[in-house]
Amino acid sequence: MYQNGASKVSKQLLVSIIMPAYNASNYIEKAINSVIYQSYTHWELIIINDGSTDTTRQCVLNYTDTRIRYHEQANRGVSAARNLGLSYATGNFICFLDADDEYPFDSILDRVSLFLEHPYLSFADGMVEVRDRNLDKVLYHKYHSWEGQVFDQLIQLNPDCFFGPSWMLKADIVNDISFKEGMTHGEDLLFYIEAARKGGYYKATNSCVLYYRKSSSSAMSNLDGLAKGYRILYASVKSMPESGFIPVFNLKMKIKKIMALSYLSKSQYLKACNALISLP
């Protein structure tokens, strides 16, 4: 059903995939190959080399597929890399793929199909397989059951509609927003919140759209960076006129709880106490 529907418009509906890469030579070829072998073929892959010092550049330039577009910048972080990728994107839909993750065969097709079946959607998502550092073992599946307006749900940190960069967005939703530079954690959530401020419906397929690599660079390995990201997120949401007092207050309480428990799990008791009194 999906294949027939998508094939009719595949030459018209272009999907822009933005891939930031920093010292990604160990993984990036598999990430690129997972895009090349997608069942949905009308895509452009925009790779932004964020000042890598390894062989990332050579790995990418070995590819001759004209749908792959390569750009470089001095090391400025993942948000700046994604923003540069957005500036080059020409597709009808935008999605993101980190250089150490991979797409299943029908990842693009399944999300485009949601847009075709439900033209009112602004955001399409799907199930995420969280895997080990080698992508060999599935640790757990992350399903997204929410459907509808999503702004308030994101502010509530509702896990039923968010797990990292697995969303596909209509391009016109993101043409005037960007990732906040300087954030090492939570930058994708804040980006989606900014996009959802305009309204628009969210829906997810139960099929897998992302193989997510759980590595030592996860949020729990840098709790101070996570705390900084949450502070920026909270301040940004608090300043949005669309955010009501109660949702903002609830967000503050959730952030305090998350950070206190996170620090406690690492036996960082003083920081756990500070987390409970931080955020004005």
Side-chain angles (χ1 to χ4, degrees), residues 77-79 82-83 96 120-125 127-128 130 140 142-170 173-174 176-204 212 218-280:
V78 65
S79 291
R82 287 174 178 160
N83 288 338
F96 303 92
Y120 56 86
L121 292 181
S122 296
F123 316 109
D125 200 358
M127 184 264 284
V128 177
V130 180
Y140 61 91
K142 184 67 188 68
Y143 290 92
H144 299 106
S145 58
W146 177 259
E147 179 178 349
Q149 295 279 356
V150 75
F151 177 74
D152 288 341
Q153 301 303 312
L154 291 175
I155 292 178
Q156 294 174 36
L157 305 183
N158 185 349
D160 289 336
C161 60
F162 174 75
F163 185 95
S166 57
W167 284 28
M168 182 179 287
L169 309 91
K170 285 184 175 176
I173 295 292
V174 300
D176 59 351
I177 64 173
S178 59
F179 288 86
K180 191 171 186 65
E181 298 187 23
M183 291 182 72
T184 59
H185 297 73
E187 74 288 340
D188 43 5
L189 174 57
L190 181 55
F191 178 82
Y192 294 155
I193 289 174
E194 290 280 6
R197 290 176 68 184
K198 304 177 182 181
Y201 273 70
Y202 166 97
K203 185 176 175 62
Y212 175 83
S218 65
M220 288 300 291
S221 68
N222 182 7
L223 291 182
D224 290 343
L226 180 62
K228 178 184 176 182
Y230 271 134
R231 286 194 297 270
I232 295 173
L233 175 70
Y234 172 74
S236 299
V237 170
K238 186 178 179 182
S239 69
M240 296 177 183
E242 298 87 351
S243 303
F245 172 80
I246 293 178
V248 171
F249 177 80
N250 290 338
L251 173 63
K252 178 169 66 174
M253 293 299 102
K254 284 190 175 183
I255 290 175
K256 288 184 175 186
K257 180 179 180 180
I258 290 170
M259 291 312 308
L261 292 176
S262 297
Y263 281 124
L264 283 174
S265 72
K266 299 294 184 179
S267 300
Q268 299 181 30
Y269 304 113
L270 180 58
K271 288 184 176 181
C273 291
N274 289 336
L276 292 173
I277 61 175
S278 63
L279 296 180

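Keep in mind that what you see is a predicted model, and the values were worked out from it rather than measured.
- How far CG of Leu233 is from CE of Met183: 6.0 Å, rounded to the nearest 0.5 Å.
- The distance from the CG atom of Asp152 to the CD1 atom of Ile193 is 10.5 Å, given to the nearest 0.5 Å.
- Taken to the nearest 0.5 Å, the CD atom of Gln268 stands 9.0 Å off from the CE atom of Met259.
- If you take CG on Leu190 and CD1 on Ile232, they are separated by 8.5 Å, rounding to the nearest 0.5 Å.
- No side-chain N or O of Tyr143 forms a donor-acceptor pair with one of Asp125 less than 3.5 Å apart.
- Looking at Lys142, its side chain never comes within 3.5 Å of a backbone N or O of Val130 through a donor-acceptor pair.
- Between Tyr263 and Ala275, the closest heavy-atom pair is CD1-CB, 4.3 Å.
- With contacts defined as side-chain heavy-atom distances shorter than 4.5 Å, the pair Pro165/Glu187 does not qualify.
- In summary, the aromatic rings of Phe163 and Tyr212 are positioned with their centroids under 6.0 Å apart.
- Gln153 and Asn158 make their closest contact through OE1-ND2, 2.8 Å (heavy atoms, listed as atom of the first residue, atom of the second, distance).
- Within the 4.5 Å cutoff, side-chain heavy atoms of Tyr269 are placed close to those of Ser267.
- Summarising the geometry of Pro247 relative to Ile155, their closest heavy-atom pair is O-CG2, 3.8 Å, with the distance given to 0.1 Å.
- At distances below 3.5 Å, not a single donor-acceptor pair connects side-chain atoms of Ser243 with backbone N or O atoms of Val248.
- Other residues, nucleotides and ligands place no more than 12 heavy atoms under 6.0 Å from the CZ atom of Phe245.
- In this structure, Asp224 and Lys271 have side chains that are in contact, with non-hydrogen atoms separated by less than 4.5 Å.
- Using a 4.5 Å heavy-atom threshold, the side chains of Arg82 and Asp188 count as touching.
- Here the side chain of Lys254 pairs a donor or acceptor atom with the backbone of Gln156 at under 3.5 angstrom.
- Counted within 6.0 Å of NZ on Lys228, heavy atoms from surrounding residues, nucleotides or ligands total 12 or fewer; the atom is thus considered open.
- Separation of the Phe96 and Phe179 ring centroids falls under the 6.0 Å cut-off.
- Within a 6.0 Å sphere centred on NZ of Lys257, heavy atoms belonging to other residues, nucleotides or ligands number 12 at most.
- Using the six-membered ring where Trp is involved, Trp167 and Phe123 have ring planes that are tilted, between 30° and 60° apart.
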Apply the test side chain to side chain contact (heavy atoms under 4.5 Å, CB included) to residues Leu189 and Leu157: give CA-CA distance (whole Å), side-chain angles for both, the deciding distance (0.1 Å), then the verdict. CA-CA 9 Å; Leu189 174 57; Leu157 305 183; 3.7 Å; yes

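- Between His144 atom NE2 and Ser166 atom OG the span is 5.0 Å, to the nearest 0.5 Å.
- To the nearest 0.5 Å, the span separating OG on Ser262 from CD1 on Ile255 amounts to 11.5 Å.
- Here the closest non-hydrogen pair linking Leu223 and Lys266 is CD1-CG, 3.6 Å.
- Under the 3.5 Å distance criterion, the side-chain polar atoms of Ser79 are matched with a main-chain donor or acceptor of Lys180.
- The backbone N or O of Gly200 sits less than 3.5 Å from a side-chain atom of Gln149, completing a donor-acceptor pair.
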